Enquirer: 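Quick one: the structure is below, questions incoming.
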Amino acid sequence: MPRLPALTLRIVVLAALFPAAYGQAPDKFERETDVKASAVPEPARRWLADAFESLRSPRWSREIYESGYSYEAKFRWRSQYYSVEFGPDGAIQDVEVETEFTDLPASVQRNVLDYLSSAYRRHDIRRVQVQYSGEPDDLEDFFDENERDDLIVRYEIEYTAKIDSGPGHYREGLFDEAGRHLQSRRVILPPVDNLIF
């Protein structure tokens, strides 16, 4: 077997070690466990109460994933499902609002579908969330007073996909405000503890 030139070998190794540089992030693995509100850092509880003033009893969980953990509040607000993620110290990271793919702007839908059709042999969109991130005060003003200053808007789309004739994979893609692909990764679902018949 012929040997690869040293430079080619380095590029192959780097591509394998850093898939995010090519639009593919490492696989996503997370495990979620419910926690009591008292176990959540106080800054997270305070931010949530300020941004969603009449919210009562969100469901809190701790998400453990490949690089650490975070806290998440899930709740229904004004007929939509929200998930708000906080860092281990209680600092706000982002707010995700579940929506229908057909409710996205037509240009965003077109760009997402163009990417999925070019990257995969088959695909099926399963879940869509609008993701808002930015400074804590800007995020709070958006949800509390509908002021949209300096927010970053992205779309997190979960889908099943097949690249070839093999089995499909569950994936999560992140797209910018125009619907342009930023990254995607395979979602590894944790094994269930009980057998289901």
Side-chain angles (χ1 to χ4, degrees), residues 19-20 23-32 40 43-44 47-48 50-52 55 58-116 119 123-161 170-189:
Q24 300 295 320
D27 290 347
K28 175 183 179 179
F29 174 83
E30 66 182 25
R31 187 167 47 95
E32 187 176 294
V40 175
W47 186 92
L48 196 67
D50 289 344
F52 300 92
L55 178 66
R59 180 180 150 235
W60 286 99
S61 62
R62 185 177 188 208
E63 289 188 346
I64 301 169
Y65 42 88
E66 59 278 351
S67 60
Y69 71 94
S70 64
Y71 293 96
E72 190 171 53
K74 293 183 180 179
F75 53 91
R76 187 173 170 89
W77 177 263
R78 297 179 181 161
S79 303
Q80 289 184 296
Y81 290 100
Y82 286 71
S83 61
V84 184
E85 190 168 7
F86 300 90
D89 60 352
I92 180 74
Q93 293 182 339
D94 61 53
V95 179
E96 295 175 342
V97 184
E98 196 165 320
T99 190
E100 295 295 326
F101 185 72
T102 53
D103 290 339
L104 301 181
S107 60
V108 170
Q109 293 181 50
R110 189 169 47 251
N111 287 338
V112 169
L113 290 175
D114 285 349
Y115 166 75
L116 293 175
H123 63 272
D124 183 23
I125 294 173
R126 298 299 181 96
R127 185 177 186 213
V128 177
Q129 295 183 97
V130 183
Q131 182 189 85
Y132 300 95
S133 58
E135 292 298 317
D137 289 343
D138 293 334
L139 279 167
E140 182 186 326
D141 288 345
F142 176 64
F143 292 103
D144 189 27
E145 301 168 16
N146 203 27
E147 291 180 14
R148 187 179 168 178
D149 294 328
D150 301 320
L151 288 188
I152 299 168
V153 178
R154 293 181 174 159
Y155 302 99
E156 187 178 277
I157 299 179
E158 295 177 10
Y159 57 95
T160 54
Y170 200 74
R171 303 188 69 83
E172 177 185 274
L174 188 64
F175 299 81
D176 70 10
E177 190 166 9
R180 292 180 297 250
H181 177 253
L182 298 172
Q183 71 175 29
S184 59
R185 57 187 176 169
R186 189 170 60 153
V187 177
I188 307 297
L189 300 174

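Every value quoted in this text rests on a predicted model; they were computed, and no experiment measured them.
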Enquirer: Relative to the ring of Trp47, is the ring of Phe143 parallel (under 30°), tilted (30 to 60°) or perpendicular (over 60°)?
Expert: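 If you compare the ring of Phe143 with that of Trp47, the planes turn out perpendicular.
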Enquirer: Taking the side chain as C-beta and beyond, is there a heavy-atom pair between Leu104 and Tyr155 under 4.5 Å?
Expert: yes
Enquirer: Tell me whether the centres of the aromatic rings in Phe52 and Trp77 are closer together than 6.0 Å.
Expert: yes
Enquirer: For Arg59 and Glu32: C-alpha separation, side-chain torsions, deciding distance, then whether salt bridge (charged side-chain N to carboxylate O under 4.0 Å, His left out) applies.
Expert: CA-CA 12 Å; Arg59 180 180 150 235; Glu32 187 176 294; 2.9 Å; yes
Enquirer: Taking C-beta and beyond as the side chain, do Asp89 and Pro43 meet within less than 4.5 Å on heavy atoms?
Expert: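 No, their side chains stay 4.5 Å or more apart.
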Enquirer: Quick one: OG1 on Thr99 to CZ on Arg127, what's the gap to the nearest 0.5 Å?
Expert: 12.0 Å
Enquirer: Please evaluate residues Ile92 and Val84 with respect to the criterion side-chain contact (heavy atoms from CB on, under 4.5 Å), reporting the C-alpha separation (whole Å), side-chain torsions for both, the decisive distance (0.1 Å), and the verdict.
Expert: CA-CA 8 Å; Ile92 180 74; Val84 184; 3.3 Å; yes
Enquirer: Quick check for you: to the nearest 0.5 Å, what is the distance between Asp94 atom CG and Glu156 atom CD?
Expert: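 One gets 7.5 Å once the value is rounded to the nearest 0.5 Å.
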Enquirer: For Asp138, does the CG atom have more than 12 heavy-atom neighbours from other residues, nucleotides or ligands under 6.0 Å away?
Expert: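 Above 12, so yes.
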Enquirer: side-chain contact (heavy atoms from CB on, under 4.5 Å) for Thr160 and Ile125? Distances and angles first, verdict last.
Expert: CA-CA 7 Å; Thr160 54; Ile125 294 173; over 6 Å; no
Enquirer: Tell me the closest heavy-atom pair linking Ala51 and Glu140, and the distance in Å.
Expert: CA-CG, 3.8 Å
Enquirer: Can you establish whether the number of heavy atoms outside Glu145 located under 6.0 Å from its atom CD is more than 12?
Expert: yes
Enquirer: Are Tyr81 and Phe75, when compared by the centres of their aromatic rings, separated by less than 6.0 Å?
Expert: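 No, they do not, as the ring centres are separated by 6.0 Å or more.
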Enquirer: Of all the heavy-atom pairs spanning Glu72 and Lys74, show the shortest one and how long it is.
Expert: OE1-CE, 2.9 Å
Enquirer: Does Glu147, at its CD atom, have more than 12 non-hydrogen atoms belonging to other residues, nucleotides or ligands within less than 6.0 Å?
Expert: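 Counting other residues, nucleotides and ligands, CD of Glu147 exceeds 12 neighbours.
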Enquirer: Val187 and Arg171: which non-hydrogen atoms are nearest, and at how many Å?
Expert: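 In this case the closest contact between Val187 and Arg171 is CG2-C, 3.9 Å.
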Enquirer: Mark yes or no: Arg62 above the aromatic ring of Tyr69, with NZ or CZ under 6.0 Å from the six-membered ring centre and no more than 45 degrees from the axis.
Expert: yes
Enquirer: Just do the side-chain contact (heavy atoms from CB on, under 4.5 Å) check on Arg180 and Tyr115 with the steps written out, would you?
Expert: CA-CA 8 Å; Arg180 292 180 297 250; Tyr115 166 75; over 6 Å; no
Enquirer: Can you check whether Asn111 reaches Phe175 side chain to side chain, under 4.5 Å on heavy atoms?
Expert: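 A side-chain contact is absent here, since even the closest heavy-atom pair is not under 4.5 Å.
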Enquirer: Can you find a pair of side-chain heavy atoms, one from Tyr132 and one from Leu139, that are under 4.5 Å apart?
Expert: yes
Enquirer: Is any side-chain heavy atom of Arg110 less than 4.5 Å from a side-chain heavy atom of Val112?
Expert: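 A side-chain contact is absent here, since even the closest heavy-atom pair is not under 4.5 Å.
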Enquirer: If you look at every heavy atom in Tyr159 and Ser184, which pair is closest and at what distance?
Expert: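 Here Tyr159 and Ser184 meet closest at OH-CB, 3.5 Å.
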Enquirer: Should Phe101 and Leu113 be marked as a side-chain contact (heavy atoms from CB on, under 4.5 Å) after you check the CA-CA gap, both sets of side-chain angles, and the distance that decides it?
Expert: CA-CA 10 Å; Phe101 185 72; Leu113 290 175; 3.8 Å; yes
Enquirer: How long is the gap from CZ on Phe142 to CG on Asp137, to the nearest 0.5 Å?
Expert: 15.5 Å
Enquirer: Can you give me the closest heavy-atom contact between Val108 and Gly179, atom names plus distance?
Expert: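 Residues Val108 and Gly179, closest heavy atoms: CG1-CA, 3.9 Å.
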Enquirer: Rounded to the nearest 0.5 Å, what separates atom CG in Asp141 from atom CD in Glu135?
Expert: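 Here the interatomic distance stands at 11.5 Å.
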Enquirer: Glu63 versus Glu85: any side-chain heavy-atom pair under 4.5 Å?
Expert: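 Glu63 reaches Glu85 side chain to side chain.
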Enquirer: Applying the side chain to side chain donor-acceptor pair (under 3.5 Å) criterion to Gln129, which one of Glu96, Arg154, Glu172, Glu98 satisfies it?
Expert: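 When side chain to side chain donor-acceptor pair (under 3.5 Å) is applied between Gln129 and each of Glu96, Arg154, Glu172, Glu98, only Glu96 qualifies.
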